[in-house]
Peer 1: 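There's a structure below that I have some questions on.
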Number of protein chains: 2
Amino acid sequence: MPRVGLSREKLIEAGASLADREGFAAVTLAALARQFEVKLASLYAHVRNSEDLKTGIALLALDSLADRADAAVSGRAGKEAVAALAEVHRRFAADHPGLFEATRFPLNAEQAAGSGGMRLARAMRAALRGYGLSEADEVHAVRLLGSFFLGFSLLELGGNFAHSQPAPDLSFTRGLEALDATLKTWVKS
Amino acid sequence: MPRVGLSREKLIEAGASLADREGFAAVTLAALARQFEVKLASLYAHVRNSEDLKTGIALLALDSLADRADAAVSGRAGKEAVAALAEVHRRFAADHPGLFEATRFPLNAEQAAGSGGMRLARAMRAALRGYGLSEADEVHAVRLLGSFFLGFSLLELGGNFAHSQPAPDLSFTRGLEALDATLKTWVKS
DNA sequence: GTTTTTTGCCTAATATCATTAGTTTTTATG
DNA sequence: CATAAAAACTAATGATATTAGGCAAAAAAC
C-alpha cells in the first residue's frame with residue numbers, strides 16, 4: 001500500500017480550503033480523511049487532535065488576513081489607511097466567511113503572540129500614525145477600531161442589518177467617518 | 001413509570017442555567033437528559049431537535065440582556081444612557097459568558113424579529129435620543145455602537161487585551177468618550 | 001367511576017464524529 | 001541489505017444526535 005503522502009501542512013491547507021467552501025464547521029477530521037481517501041485514525045500521525053488541526057487553520061487564516069492588511073496600509077496613513085484597513089476586514093469577512101470564522105478560533109497566549117493577529121495590530125497602529133496619538137491613546141484607538149471592525153462584520157454576517165434601512169454600506173462609511181472625526185480630535189483625559 | 005414532568009420551558013431554562021455554569025458548548029441534549037434522569041430520546045417529545053433547543057436558549061438569553069438594557073436606559077438619555085447601556089453589554093458578557101455566547105446563536109428572520117435583539121435596538125435608539133440625530137443617522141449610530149459593544153466584549157473575552165497595557169477598563173471608557181464626542185458632532189454627508 | 005384517547009418516556013437501531021492502542025507496511029537511514 | 005522510523009490500518013471505545021415504534025401514565029370523554 002503506497003503512502004498517500006500526508007503532512008501537517010497539507011491537512012491544514014485542505015482544512016482551510018474546506019472552511020472557505022463550506023464553512024469552518026464543516027472542517028472535521030472525518031471530512032479530511034474522506035477527502036484524502038485514508039482512514040480517519042491516520043490523520044493522528046500528523047495532527048495531535050481536532051483542536052490542533054483547527055488551531056493550525058486559524059493561524060493560517062489570520063496570516064491571510066494580515067497579509068491583506070499589510071498590503072492595504074502600505075504607503076498609506078491616516079484616514080485613507082484606516083479606511084483601507086476597514087475595507088480589508090469587511091471584505092475578508094464577506095468573501096471568506098468560513099476563514100473569517102476560523103480567525104475567531106480561541107488561541108492560547110503563546111500561539112496568539114506569534115500569529116497574524118499581532119501583525120494586524122501592527123498594521124492598525126501604522127494606519128493610526130497619521131493621527132498623532134500618544135502611545136497609550138494609540139492602544140485605545142486600536143481597540144476601538146478593532147472592536148468596530150469585528151463587531152460590524154459579525155453583525156452584518158449574522159443578518160442583523162438585513163431587516164432595516166439604510167443599507168450597511170452606508171452605515172459602514174458613516175461609521176468610519178465618525179471614527180475618523182473623533183480620532184482627529186481625540187478626547188484628552 | 002411516573003412521568004418526570006418535562007416541558008419545553010423546563011428544558012430551555014435548564015439549558016440556559018447549564019450554559020451559564022459551564023458554557024454554551026456544554027449544552028447538549030445528552031447533558032440535559034442526564035440532568036433530568038431520562039433517556040435522551042425522551043427530550044424529542046418537547047423539542048424538535050438540538051437546534052430548536054439552542055434557539056430557545058438564545059431567545060431567553062437575548063431577553064435577559066434586553067431586560068437589563070431596558071432597566072439601564074430607563075430615565076436616562078444621551079451620554080449617560082449610552083454609557084449605562086455599554087456597561088450592561090460588557091458586564092453581561094463578562095459575568096455570563098455562556099449566555100452571551102448563546103445570544104450569538106444564529107436565528108432566522110422571523111425569530112429575530114420577535115426577539116430581545118429588537119428590544120436592544122430600541123433601547124439603543126432611546127439612549128441616542130439625547131444626541132438629536134436624524135432618523136437615518138440614528139440607524140448608523142445604532143450600528144456603530146452595537147458593533148463596538150459586541151466587538152469589544154468578544155475581543156476582551158477572547159483574551160485579546162490580556163497581553164498589553166493599558167487595562168481594558170480604560171480603553172472602554174476612552175472608547176465611549178470618543179464615541180460620545182463624535183455623536184455630539186455627527187458628521188454630515 | 002370507567003373507558004378511550006393523548007402524550008410522555010423507553011427501547012432499539014442507526015449515523016456521525018473523535019480518540020486510543022496496537023499492528024502492519026512503507027520509506028528512510030546506515 | 002538490514003534496521004529503524006514513521007505512516008497508514010485495524011479494532012475498540014466513547015460521545016452526541018435522530019428516528020420509528022411500543023408501552024404506560026395522564027388527560028379527556030362518557
Side-chain angles (χ1 to χ4, degrees), chain A residues 1-60 98 101-102 104-108 111, chain B residues 1-61 98-99 101-102 104-108 111:
Chain A
M1 175 188 312
R3 295 179 176 187
V4 173
L6 294 178
S7 71
R8 180 185 175 82
E9 290 68 43
K10 279 187 176 178
L11 288 177
I12 290 173
E13 274 284 349
S17 287
L18 183 57
D20 211 11
R21 285 196 308 277
E22 303 187 27
F24 195 46
V27 180
T28 60
L29 292 177
L32 289 181
R34 279 193 298 272
Q35 179 177 323
F36 287 102
E37 296 183 328
V38 295
K39 299 302 179 183
L40 194 159
S42 306
L43 304 193
Y44 289 92
H46 306 280
V47 293
R48 199 158 55 251
N49 50 36
S50 179
E51 178 179 331
D52 185 31
L53 170 71
K54 284 173 183 166
T55 297
I57 296 169
L59 292 172
L60 188 67
E101 193 181 344
R104 309 229 355 84
F105 189 74
L107 303 175
N108 65 39
Q111 292 160 343
Chain B
M1 176 188 312
R3 297 181 172 182
V4 172
L6 293 178
S7 69
R8 179 183 174 84
E9 290 68 43
K10 280 189 176 177
L11 288 177
I12 290 173
E13 275 282 352
S17 287
L18 183 56
D20 210 12
R21 286 196 311 275
E22 303 187 22
F24 194 47
V27 179
T28 61
L29 292 178
L32 289 182
R34 279 192 298 271
Q35 178 175 327
F36 285 102
E37 297 184 329
V38 295
K39 300 300 178 185
L40 195 161
S42 307
L43 303 194
Y44 290 92
H46 307 281
V47 292
R48 201 156 56 252
N49 49 38
S50 178
E51 179 179 330
D52 184 34
L53 170 71
K54 285 171 179 167
T55 297
I57 295 168
L59 292 171
L60 188 66
L99 290 178
E101 193 180 342
R104 306 225 3 81
F105 190 72
L107 303 175
N108 65 40
Q111 292 159 342

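Here is the naming used below: chain letters follow the sequence lines, and residue numbers restart at 1 for every chain.
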Peer 1: If you only use heavy atoms from C-beta on, which nucleotide in D/dT16, D/dC9, C/dA18 is closest to the side chain of A/Leu40?
Peer 2: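 Given the options D/dT16, D/dC9, C/dA18, the side chain of A/Leu40 is closest to C/dA18.
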Peer 1: Counting the atoms with a prime plus P, OP1 and OP2 as sugar-phosphate, which does B/Ala41 contact under 4.0 Å by heavy atoms, base, sugar-phosphate, or nothing?
Peer 2: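 The answer is base, as B/Ala41 lies within the cut-off (heavy atoms under 4.0 Å) of a base atom.
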Peer 1: Just the rounded figure in Å: distance from P of D/dG14 to CZ of B/Arg34.
Peer 2: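 Between P of D/dG14 and CZ of B/Arg34: 14 Å.
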Peer 1: So, is A/Ser42 close to the D/dC9 phosphate, meaning a side-chain N or O under 4.0 Å from OP1 or OP2?
Peer 2: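 Indeed, a polar side-chain atom of A/Ser42 lies that close.
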Peer 1: Using whole Å, report how far OH of B/Tyr44 lies from C1' of D/dT18.
Peer 2: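 Value for this atom pair: 5 Å.
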Peer 1: When you get a sec, tell me which of D/dA8, C/dC10, C/dC9 is the closest nucleotide to the side chain of B/His46?
Peer 2: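 Among D/dA8, C/dC10, C/dC9, the one nearest the side chain of B/His46 is C/dC9.
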Peer 1: For the side chain of B/Arg3, starting at C-beta, report the closest nucleotide among D/dT16, C/dT7, D/dA7.
Peer 2: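 Of all the options, the side chain of B/Arg3 is nearest to C/dT7.
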Peer 1: Could you state the NZ-C1' distance from A/Lys54 to C/dT19, rounded to the nearest angstrom?
Peer 2: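 About 14 Å, once rounded to whole Å.
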Peer 1: Check whether A/Lys54 reaches the backbone of A/Phe24 with its side chain - one donor and one acceptor, N or O, closer than 3.5 Å.
Peer 2: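 Checking the backbone N and O of A/Phe24 against the side chain of A/Lys54, no donor-acceptor pair under 3.5 Å is found.
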Peer 1: Between B/Leu43 (CG) and C/dC9 (P), how many Å, whole number?
Peer 2: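 Computing the B/Leu43:CG to C/dC9:P distance gives 9 Å.
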Peer 1: Over how many whole Å does the gap from A/Leu6 atom CG to C/dT26 atom P extend?
Peer 2: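 The answer, rounded to whole Å, is 16 Å.
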Peer 1: Looking only at the side chain of A/Lys39 (C-beta and beyond, no hydrogens), which of the listed nucleotides D/dT10, C/dC9, D/dT16 gets closest?
Peer 2: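 Among the listed nucleotides, the one closest to the side chain of A/Lys39 is D/dT10.
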Peer 1: Given 3.5 Å as the limit, does a donor-acceptor pair link the side chain of B/Gln111 with the main chain of B/Asn108, or not?
Peer 2: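 Yes; at least one donor-acceptor contact below 3.5 Å.
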Peer 1: Could you work out which one of D/dA8, C/dC10, D/dT16 sits closest to the side chain of B/Thr28?
Peer 2: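 Nucleotide nearest to B/Thr28's side chain: D/dT16.
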Peer 1: With rounding to the nearest 0.5 Å, note down the distance linking CG in A/Leu60 to CD in A/Glu9.
Peer 2: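 A/Leu60 atom CG to A/Glu9 atom CD measures 10.5 Å (nearest 0.5 Å).
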Peer 1: B/Leu32 CG to C/dC9 P: how many Å, rounded?
Peer 2: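 Distance check: B/Leu32 CG to C/dC9 P gives 14 Å.
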Peer 1: Between atom CG in B/Leu29 and atom C1' in D/dT16, what is the gap in whole Å?
Peer 2: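 Nearest whole value for this atom pair: 9 Å.
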Peer 1: When the distance from CD of B/Glu51 to P of D/dT16 is rounded to whole Å, what number comes out?
Peer 2: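 For the pair B/Glu51 CD and D/dT16 P, the rounded distance is 19 Å.
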Peer 1: To the nearest 0.5 Å, what is the distance between CG on B/Asn49 and CG on B/Leu29?
Peer 2: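 Here the rounded value is 8.0 Å.
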Peer 1: Does B/Phe105 form a side-chain contact (heavy atoms from CB on, under 4.5 Å) with B/Ile57? I'd like the steps, not just the answer.
Peer 2: CA-CA 9 Å; B/Phe105 190 72; B/Ile57 295 168; over 6 Å; no
